[in-house]
Amino acid sequence: MTGRRDGLMRSSSNHSFRMSRIVIAIAIGVVLGFIFAFLYPNGLFRSDPPTSGRRLSKSDLQMASSDCESSERISMLKADIIALKEKNAELKKQLRELSQKLLSAEQRKDNAETEFLPLVQQSKAGAFGTVKASRTNPNVAPDGSVNPRLAKILEEVAVKKEIIVALANSNVKDMLEVWYTSIKKVGISNFLVVALDDEIYSFCKSNNVPVYKRDPDEGVDSIGRTGGNHAVSGLKFRILREFLQLGYSVLLSDVDIVYLQNPFDHLHRDSDVESMTDGHDNRTAYGFNDVFDEPAMGWARYAHTMRIWVYNSGFFYMRPTVPSIELLDRVASRLAREPKSWDQAVFNEELFFPSHPGYDGLHASKRTMDYYLFMNSKVLFKTVRKDANLRKLKPVVIHVNYHPEKLARMQAVFEYYVNGKQDALDSFPDGSQ
Ligand SMILES: *[C@@H]1O[C@H](CO)[C@@H](O)[C@H](O)[C@H]1NC(C)=O
């Protein structure tokens with residue numbers, strides 16, 4: 001969709017570009033006309049060139065007459081001037097008309113989509129039930145100049161232009177260890193830690209974990225070293241942009257996640273954003289009709305509302321498309337403007353709220369991941385561990401997002417799913433205490 005819109009904008013701006021070139025050409029013609037009229041009142045191809053570049057004045061004419069020129073010559077000159085003036089007037093008129101056209105073309109720019117749509121997309125709609133809109137936007141052209149050093153690392157580490165990315169500082173070192181241990185155990189090689197301090201950088205280096213540390217002068221980094229959780233979250237969206245600009249699809253991962261299978265074997269890759277959900281059943285994860293009751297309205301007491309539990313901004317896959325990058329930009333700039341806001345709330349609002357008066361919504365395609373495969377810790381501890389059948393499921397990842405004792409629960413998850421310790425999950429309460 002956005003790709004198509006880009007095409008349209010381009011064709012309309014080409015149109016304006018052509019128009020303005022025409023206008024410039026005509027303007028040059030008019031100016032040259034004036035110059036020749038004044039420099040060569042006798043015409044270009046007369047054998048007697050003018051003696052100066054002065055404007056042809058009345059006294060010149062008089063001199064000409066007092067010199068031995070005939071009055072016939074003077075009237076020829078006058079006729080030439082009149083003809084040139086007429087020509088100028090005609091050119092000016094054309095210039096005015098073209099400017100007018102250019103102006104209205106620019107005014108139509110806003111409506112370019114509807115205006116030019118028939119020219120671009122002329123296929124018929126097709127029979128009932130056969131039409132399908134595209135949700136898979138084109139990738140951006142990779143731009144290696146954005147960050148050559150990162151580009152080089154990604155060339156080595158990414159697989160099929162895809163990579164798992166986690167940001168970490170030394171506050172989360174223990175969780176990071178469980179995180180990469182589970183990833184390696186599954187056999188995933190395309191993952192990268194963005195180290196936010198030196199300690200994590202050398203920790204990763206000494207444990208053979210692919211790591212990337214930004215240069216200290218790369219701007220946003222001081223947040224990463226000193227910042228709290230939410231400041232780091234803002235940084236995350238800024239850093240991710242470069243991965244997408246370099247042409248890579250990114251699976252952004254918090255470090256409080258245990259990997260049990262390779263997520264790249266379980267992605268659909270049809271949307272700009274494919275995300276883990278904070279929902280805990282079909283309704284909350286995938287959306288439902290929540291009926292709001294207002295008895296005072298009598299006959300119309302029921303108002304239907306749309307609800308969905310938020311996407312988890314700690315685990316999502318993003319294709320390198322314009323809507324994806326726009327989402328990152330919108331979230332990052334809102335987090336900068338509203339420092340007290342929660343990045344996950346902002347992420348969801350930008351992704352889901354429609355355009356409305358005074359606001360242009362993001363038009364990104366999205367997909368909710370299967371909540372049994374990409375499982376949050378509420379689903380695990382409230383439902384799955386208590387159900388004999390669900391206990392046998394092998395999730396792809398488990399995100400300990402709903403619980404504060406993250407490290408202990410991560411280790412328990414690892415014990416249960418990787419080492420087969422059947423009672424590893426039992427000692428924990430459903431929620432926090
Ligand atoms: C939830 O949705 C899945 C398909 O997405 C379906 O197979 C399953 O039966 C649903 N579960 C319930 C409890 O409705």
Side-chain angles (χ1 to χ4, degrees), residues 1 128-137 162 164 186 249-254 257-293 302-319 321 323-324 327 344 347-349 351-354 362-403 409 413 416-417 422 425-426 428-431:
M1 183 59 211
F128 173 80
T130 64
V131 297
K132 199 172 176 195
S134 172
R135 54 195 62 71
T136 310
N137 288 309
E162 293 181 317
I164 298 172
V186 172
S249 297
V250 171
L251 182 59
L252 182 279
S253 176
D254 281 355
I257 293 177
V258 180
Y259 286 70
L260 305 169
Q261 298 187 59
N262 189 334
F264 293 114
D265 297 338
H266 299 270
L267 295 173
H268 289 258
R269 298 180 177 83
D270 63 346
S271 304
D272 297 308
V273 181
E274 196 169 340
S275 179
M276 170 180 261
T277 173
D278 271 5
H280 53 268
D281 58 17
N282 279 3
R283 283 156 45 89
T284 57
Y286 306 144
F288 66 107
N289 179 359
D290 191 22
V291 181
F292 174 78
D293 185 7
Y302 300 116
H304 293 255
T305 73
M306 317 286 296
R307 293 197 73 191
I308 188 167
W309 264 226
V310 289
Y311 280 5
N312 190 289
S313 62
F315 190 89
F316 57 86
Y317 176 79
M318 239 183 192
R319 296 184 50 249
T321 64
S324 298
L327 174 63
Q344 179 160 287
F347 180 79
N348 278 272
E349 288 170 9
L351 196 52
F352 284 94
F353 285 170
L362 178 72
H363 290 252
S365 54
K366 49 228 169 230
R367 166 180 285 278
T368 311
M369 290 173 170
D370 184 321
Y371 64 89
Y372 281 137
L373 294 180
F374 298 89
M375 194 185 289
N376 62 57
S377 57
K378 177 151 113 182
V379 172
L380 175 64
F381 285 97
K382 268 195 75 180
T383 315
V384 168
R385 67 169 173 166
K386 299 172 185 172
D387 182 302
N389 283 325
L390 294 176
R391 277 175 77 91
K392 290 181 212 147
L393 278 178
K394 179 115 174 177
V396 177
V397 302
I398 290 180
H399 188 179
V400 187
N401 61 322
Y402 268 107
H403 298 90
R409 289 200 193 231
V413 165
Y416 178 79
Y417 283 105
Q422 285 303 303
L425 301 172
D426 296 352
F428 296 93
D430 285 4

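Whatever order the structure lists ligands and atoms in, that order sets their numbers, starting from 1.
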Tell me whether the rings of Phe374 and Phe315 are parallel (<30°), tilted (30 to 60°) or perpendicular (>60°). tilted
Could you tell me how the ring of Tyr286 sits relative to the ring of Tyr371: parallel (under 30°), tilted (30 to 60°) or perpendicular (over 60°)? tilted
How would you list, by chain and number, every residue that makes a side-chain hydrogen bond (donor to acceptor under 3.5 Å, both in side chains) with [X], sequence neighbours excluded?
| X | result |
| --- | --- |
| Asp281 | Thr284 |
| His266 | Gln261 |
| Ser324 | Thr321 |

Are Phe347 and Phe316, when compared by the centres of their aromatic rings, separated by less than 6.0 Å? yes
Neighbour list for ligand 1 [protein residues, heavy atom under 4.0 Å]: Asn282
